[in-house]
Structure formats: structure tokens, C-alpha cells
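What follows is a set of notes on a single structure, which appears directly below.
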Amino acid sequence: MRRRRICKIISAIFLSAFFTVLLTGHLYRMGSYQTYRRMGLQDDWYRAHFMDEEMEAIEDKLSPECGALLRSVKDEVRYFPVPESERDDSLTVSYVDSWQAERNYKGTSGHEGTDIMASVNERGLYPIVSMTDGTVTNLGWLEKGGYRIGITSDSGTYYYYAHLDSYADIKEGDEIKAGEFLGYMGDSGYGEEGTRGKFAVHLHVGIYTYNEETEISVNPYYVLLLLENRKLSYEFS
């Protein structure tokens with residue numbers, strides 16, 4: 001009798017522990033689900049992890065607005081913005097995840113993009129192409145961005161290319177196709193129009209969306225990683 005009672009007690013403890021673990025796991029999953037469902041476009045985690053492996057794993061749990069932006073960008077991007085050289089394989093580029101890294105021009109700010117650095121520090125050498133279809137909605141000088149191009153896709157997402165050396169024969173209002181030539185990489189910016197040489201030659205890529213009248217940036221780094229195997233080939237050297 002005593003042995004049977006002890007066995008029942010042990011069984012009861014085991015079952016209690018088992019169901020406690022199940023309930024805890026369920027509550028944790030529900031809590032995580034609700035966290036993602038309440039997430040908005042301005043959420044710091046969403047912006048920083050945009051299109052990385054963590055976000056891909058929980059894509060179906062995202063709020064409607066966050067999921068819609070993620071799907072739109074995935075559907076729109078076609079090509080890496082810097083083609084490969086058919087003539088000189090030493091003309092490469094590199095980039096790291098510098099999201100919100102400190103920048104110091106007329107005050108301190110967080111970096112809202114990814115810098116694609118040229119292996120050869122020569123302005124006007126590397127061609128730049130559009131990652132997406134869209135309309136040229138901004139073209140010209142910005143003090144920070146230098147000669148820049150802004151292309152707005154059909155979804156309303158804004159793709160920003162900064163520090164160019166020169167432009168292709170395009171103007172505001174032109175319809176652009178993915179892979180279309182936009183201009184050449186440079187080192188323009190950080191001063192009045194025409195300022196060059198304040199930093200190394202590179203392309204700054206930014207991706208923005210708008211919530212009513214609020215401009216919201218998301219991290220382009222993982223988008224660029226997605227496009228690593230989608231590079232066009234140009235003849236330049």
C-alpha cells in the first residue's frame with residue numbers, strides 16, 4: 001500500500017510538472033505572438049532586424065503593417081545596386097551592418113542606412129543601378145547626402161542612393177526599371193553643393209517608408225545580403 005501511494009504521489013508530481021512546462025511554453029508563445037502582433041513600423045527591433053533570419057522566422061506573426069512592408073520590399077528588390085566589373089575583378093565592394101552607428105556631422109546622429117565601400121577609392125568609377133522599379137521622386141543635392149537619387153516604388157517605399165559623383169540622363173518624374181543605370185559612385189556631401197572628398201568613395205543606401213507623415217527608416221543591410229547573388233555585370237575599369 002505504501003509503495004503504491006508513493007508511486008501515485010510521484011506520478012502526480014510528474015504530471016503536474018509536465019503540464020506546468022506545457023502551460024509555461026504556451027504562455028511564452030502567446031506572449032511572443034502578441035508582442036509581434038502589436039509591433040509597429042517604428043519599433044526599434046523591427047527596423048534593426050528588417051529581413052534578417054530572426055524576422056523571417058516570425059514573419060507570419062508580424063502585425064499587418066509590418067508584414068506588408070516586409071513583403072513589399074522582398075517582392076520589389078531585384079538587383080544589388082553596384083554591378084560587378086567584367087574587366088577588372090579587383091574592383092569589388094564591401095559593407096557591414098552599421099545600422100544606428102554614430103555619425104558626427106553638425107551633431108551626433110545614428111546611421112540610417114548601409115555604406116557600400118569601394119575597394120578602389122576613385123570617384124566616378126563604379127556604376128550604380130536601381131534595386132527596384134519605381135519613379136524618380138528626388139534628384140539633386142543634399143548637404144549630408146551630396147548628389148542623391150530617391151526612387152519611390154509602387155508600394156510607396158522610398159529607396160535612397162547618396163554620395164553619387166554624377167547622374168545618368170534621368171530627371172524627377174522618370175519611370176525607372178530595376179537594374180537601370182542611375183549614375184556613378186562618389187564622395188559628394190557634407191557641405192555646400194559640389195563638396196567632395198570629406199570621406200572615402202562609397203554608396204549610401206537607405207530604405208524608408210511613411211506612416212501618415214512620419215518618415216521611417218529600416219535597416220538595408222539584410223536586403224543587400226539577399227541581393228548578393230543578384231549582381232549585374234558592367235564593363236568598367
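When a residue number appears, it is its place in the shown sequence, counting from 1.
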Residues at least two apart in sequence or cross-chain that pass ring pair (Phe, Tyr, Trp, His ring centres under 6.0 Å) with F80, listed by chain then number, are Y95
Closest non-hydrogen contact found for R123 with D165 is CD-OD1, 3.3 Å
Looking at K74 and E59, is any side-chain nitrogen of the basic one under 4.0 Å from a carboxylate oxygen of the acidic one? yes
To the nearest 0.5 Å, what is the distance between CZ on R47 and OG on S217? 4.0 Å
Rounded at 0.5 Å granularity, tell me how far CG in L139 sits from NZ in K171. 10.5 Å
About how many Å separate CG of L70 and OH of Y46, when rounded to the nearest 0.5 Å? 5.5 Å
Please check if the distance between the ring centroids of Y147 and W141 is under 6.0 Å. yes
How long is the gap from SG on C66 to CD on Q42, to the nearest 0.5 Å? 10.0 Å
Taking only Lys NZ, Arg NE, NH1 and NH2, and the carboxylate oxygens of Asp or Glu, determine whether D60 and R37 approach each other closer than 4.0 Å. no
Roughly how far apart are T157 OG1 and I151 CD1, rounded to 0.5 Å? 12.5 Å
Could you tell me how the ring of H163 sits relative to the ring of H202: parallel (under 30°), tilted (30 to 60°) or perpendicular (over 60°)? tilted
Applying ring pair (Phe, Tyr, Trp, His ring centres under 6.0 Å) to F181 and not counting sequence neighbours gives Y184
Tell me if the centroids of the rings in F50 and Y222 come within less than 6.0 Å of each other. no
Rounded to the nearest 0.5 Å, what's the gap from CG on L182 to CD1 on I176? Could you check? 6.0 Å
Would the number of heavy atoms belonging to other residues, nucleotides or ligands and lying under 6.0 Å from CG of D154 be above 12? no
Sub-4.5 Å side-chain heavy-atom contact between Y158 and Y210: yes
